[in-house]
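I have placed the structure first, in the form of structure tokens, so that the comments after it can refer back to it.
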There are 2 protein chains.
Amino acid sequence: MIRLLLADDQALVRGALSALLSLESDLEVVAEVGSGDAVLEAVRQHRPDVVLMDVEMPGLDGISATEQVRAAFPGTRVLIVTTFGRPGFLRRAMQAGASGFVVKDTPAAQLADAVRRVHEGLRVVDPVLATDSLVAGESPLTPRETEVLRAARDGSSVAGIASRLFLSEGTVRNHLSAAIGKTQAANRAEAVLTAESNGWL
Amino acid sequence: MIRLLLADDQALVRGALSALLSLESDLEVVAEVGSGDAVLEAVRQHRPDVVLMDVEMPGLDGISATEQVRAAFPGTRVLIVTTFGRPGFLRRAMQAGASGFVVKDTPAAQLADAVRRVHEGLRVVDPVLATDSLVAGESPLTPRETEVLRAARDGSSVAGIASRLFLSEGTVRNHLSAAIGKTQAANRAEAVLTAESNGWL
DNA sequence: TCGGCGCCCTGACAAATGTCATCGGCCCTT
DNA sequence: AAGGGCCGATGACATTTGTCAGGGCGCCGA
């Protein structure tokens, strides 16, 4: 029996995945959690073999939760199951110690197999996404640029970003300008969009 | 037996929901589709009692697909199952003839009940969302303002929007200014965000 | 028929944004 | 020790954006 932990913020999806995987005779869902913060504790309690982890979750995100799990329980494998095929997500997930990465529009029949492969110690990666990741490459943004761009996501003005980050307005404009250049965007909004779609934020 | 059609672009979620609902002895998933365009034809072929419809789908969106179905097969009920609890979505869904509206973070156990209620002709609406919808109200934007704001989503400049919509730059700026005022935003980007989160785009 | 509203346009203005050159400080690698 | 990258800052500049006051057109309901 392969013991599974499901981490996904959408209760309906969580329950549905549980139903789907429980159909397999060699799989057993031993716990479900709805936030990244709860993952580590659940792993401690239930000792699953494989964690199915969503990336976008309230509290701790799936990548960070993966790091936690891998640090505390190296024997536990993590299979990322996410909506968005952001190239940067894949890269960061693998660096965080994930064993597999599956997007939510893969056929349902393949999920159980992915779980089994991961459990055997193999790596499972969406081939399309893997090439995308190579094309998009690593984030060209410096940490500070990333931070400023992230702060610009909600449509804040330069002044707002500056005060939130305790920076001068000029500095914020410089970082934004650099980010715009590196993302080959024409303005802040475009830069945010392309950075986001590459998983750089 | 209640016959079901699932419409959701994410194959994994579709399959998982199918597994979940098939556990109920009185429910039967007779077909699945992954795009809005395919819904009507699938209804014609399989004559389901209830359609579980996602809102965000490639091609035709769930709301429009709901309209189509209701127009062609008035006896078929539609239950919207969506990720985002945008107030505007609820309003438009009900106007399009949906019988119910459920967000994906409701407990899995309630889904089957929602399906049964809808099948009986009752309306099923998330109570939290219903009040939100009342608070947010209908979109204050005129059709043209909506269109311009929608065109601004990708970070285009005024010039870009103007040329795409065959308008003068001044007109675009005026529409944007009006939209910014009505959404009580400080900014084009903010206006886009609040309009989006209210389901006005 | 008149007023109101949406739509499109113009022109003008203030404010915000994006770019560039330049500086100093820090840390790291060579 | 020297260069290079990142960070923070300044000042100046052109461009874009947002606002406001107008004007004209067409449609619709009172």
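The analysis underlying the following values was restricted to heavy atoms, covering all of them including side chains, and did not include hydrogens, waters or symmetry mates. By convention in this document, chain letters (A, B, ...) are assigned in the order of the sequence lines, proteins followed by strands, and residues within each chain are numbered from 1.
- Remark: C1' of D:dT17 and CG of B:Leu149 are 14 Å apart, rounded to the nearest angstrom.
- Position along DNA chain C of the nearest nucleotide to B:Asn187 versus B:Val172 favours B:Val172 as the more 5'-ward residue.
- Taking atom CD on B:Glu145 and atom C1' on C:dG6, their separation rounds to 9 Å, with Å as the unit.
- At the phosphate of D:dT16, neither OP1 nor OP2 sits under 4.0 Å from any side-chain N or O atom of B:Ser157.
- The side chain of B:His175 places no N or O atom within less than 4.0 Å of a non-bridging phosphate oxygen (OP1 or OP2) of C:dC7.
- Within the structure, every side-chain polar atom (N or O) of A:Thr142 is placed at least 4.0 Å from both OP1 and OP2 of D:dG5.
- Atom OG1 in A:Thr82 sits 9.5 Å away from atom CE in A:Met57 (nearest 0.5 Å).
- No hydrogens or angles were tested; on distance alone, a donor-acceptor pair under 3.5 Å links the side chain of B:Asn174 to the base of D:dC20.
- At whole-Å resolution of the value, CD1 in A:Ile161 and C1' in D:dG8 are 16 Å apart.
- A donor-acceptor contact under 3.5 angstrom links the side chains of B:Ser64 and B:Asp61, judged on distance only.
- In this structure, CG of A:Leu176 is placed 15 Å from C1' of D:dA9, rounded to the nearest angstrom.
- Between B:Arg144 atom CZ and C:dC5 atom P the separation is 20 Å, expressed in whole Å.
- Between A:Glu41 and A:Arg44 there is a salt bridge, since a side-chain N of the basic residue sits under 4.0 Å from a carboxylate O of the acidic one.
- At a threshold of 4.0 Å, the pair B:Glu196-B:Arg86 does not count as salt-bridged, since none of the basic side-chain nitrogens sits closer than that to a carboxylate oxygen.
- Taking side-chain N and O atoms only, B:Thr171 has a distance below 4.0 Å to OP1 or OP2 of C:dC9.
- A donor and an acceptor atom sit less than 3.5 Å apart, one in the side chain of A:Arg173 and one in the base of C:dG18.
- Phosphate contact (OP1/OP2 of D:dT10, side-chain N/O of A:Ser168, threshold under 4.0 Å): present.
- Between the CD atom of A:Glu190 and the C1' atom of C:dG18 there is a distance of 13 Å, rounded to whole Å.
- Where B:Glu169 and A:Ile180 each meet DNA chain C at their nearest nucleotide, the meeting point lying more 5' is that of B:Glu169.
- The 12-atom threshold is exceeded at CZ of B:Arg70, counting heavy atoms of other residues, nucleotides or ligands nearer than 6.0 Å.
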